[in-house]
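This report refers to the structure that appears directly beneath it.
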2 protein chains.
Amino acid sequence: MTTTQEPREGLDDLPYNVFAKACPSRGTLEHVTGRWGGLTLGALYEGSLRFNELRRRVDGVSEKMLSQTLHALERDGLVHREAQPTNPPRVDYELTPLGRGIAERLLSLIHFVEGRMDDVLAARRRYDETRGAR
Amino acid sequence: MTTTQEPREGLDDLPYNVFAKACPSRGTLEHVTGRWGGLTLGALYEGSLRFNELRRRVDGVSEKMLSQTLHALERDGLVHREAQPTNPPRVDYELTPLGRGIAERLLSLIHFVEGRMDDVLAARRRYDETRGAR
DNA sequence: CAGTATCCGTCTTGATACTG
DNA sequence: CAGTATCAAGACGGATACTG
């Protein structure tokens, strides 16, 4: 009976469970936490930004990836796209209320990680010494 | 002066800034939020687990990916690996205090997303109707 | 049980070029 | 400015087989 799964209380009674392979929340979580999704949401938390402003904020993202990321976030209802039909075109991206809720929690995580990087780096050195020498 | 970067107060004064391409925090954040990293941390939040228990919890992960993920998290000092030299071998994985701090924030994000999936799914339907019909 | 090693296809990514 | 289209390189992921 080692394989019997005990339900994790307070989690499995939700309609969506990210631990399950087929749950749609897994997809959204991947958009949010993906390589560029999180940084994009984080950048937009400061306020609305235009496409190229965003590109400069999110250091290293290509046009293609930013475009793709924004589409996914817009489709999930986390980002609102506001296009002015001027010439040259001007398009502003901003978080929706739902997007803000997600960005807040994401930034909490990001700031926590940033604040602990010295510990992480120290742990890495220890690990590499111990195992690397072997 | 459209390219002048205004510092984001309360963020850029940190020694590590995940928005910068070369910042090591980016790497750690990717371990944490990667496809399997987040789910692994989330599973371990409940308590220590053995390798194959973990594999069953994190639905869909392969041995290779779980092993790889655990190594990265252990190296970053988020997970502790406790191996008993018995036969058959028994290895328990558990969060370090640092890992718990990160897992808490990650779970806050995960639960929030899970709780809003109906909104997300509705947004997707709207998006697909509007744009898909075009 | 707890992994490691290897093969191999797929999916992502980044450069580059081009459009409105 | 705000993207889209295309393509090659490489990272990523899964299946399988094997080890201690």
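All values below come from the heavy atoms of this structure, side chains included, with hydrogens, waters and symmetry mates left out.
Proximity of A:R35 to the phosphate of C:dG14: a side-chain N or O atom is located under 4.0 Å from OP1 or OP2. Of the side-chain N and O atoms in A:R56, none sit less than 4.0 angstrom from OP1 or OP2 of D:dC1. Of the side-chain N and O atoms in A:S67, none sit less than 4.0 angstrom from OP1 or OP2 of D:dA2. The side chain of B:H71 places no N or O atom within less than 4.0 Å of a non-bridging phosphate oxygen (OP1 or OP2) of C:dG3. Between D:dA15 and B:S62, no contact under 4.0 Å exists linking OP1 or OP2 to a side-chain N or O. At D:dA2, one or more side-chain N or O atoms of A:R50 fall inside 4.0 Å of OP1 or OP2 (strictly under the cut-off). For D:dG3, one of the phosphate oxygens OP1 or OP2 lies less than 4.0 angstrom from a side-chain nitrogen or oxygen of A:Y93. Applying the 4.0 Å criterion to OP1 and OP2 of D:dG3, one finds that A:R90 has every side-chain N and O outside that range.
When the C1' atom of D:dA15 is taken as reference, atom CG of B:L66 falls 16 Å away, rounded to whole Å. Atom-to-atom, NZ of B:K64 to C1' of C:dT10 comes out at 12 Å; the value is rounded to the nearest Å. Taking atom CG of residue A:L49 and atom P of nucleotide D:dG3, one finds them 13 Å apart after rounding to whole Å. Rounded to whole Å, the distance from CG on A:N52 to C1' on D:dG3 is 9 Å. To the nearest angstrom, C1' of C:dT4 lies 12 Å from CZ of B:R81.
Put simply, the side chain of A:N17 gets close to the backbone of A:F19: a donor and an acceptor are under 3.5 Å apart. No donor-acceptor pair under 3.5 Å is formed between the side chain of A:S67 and the backbone N or O of A:E63.
Along DNA chain D, the nucleotide nearest to B:W36 and the one nearest to B:P88 differ in position, and the one closer to the 5' end is contacted by B:W36.
If you check every strand for non-hydrogen atoms under 4.0 Å, B:R55 touches nothing.
Here the OH-CZ distance, from B:Y93 to B:R50, works out to 11.5 Å after rounding to the nearest 0.5 Å.
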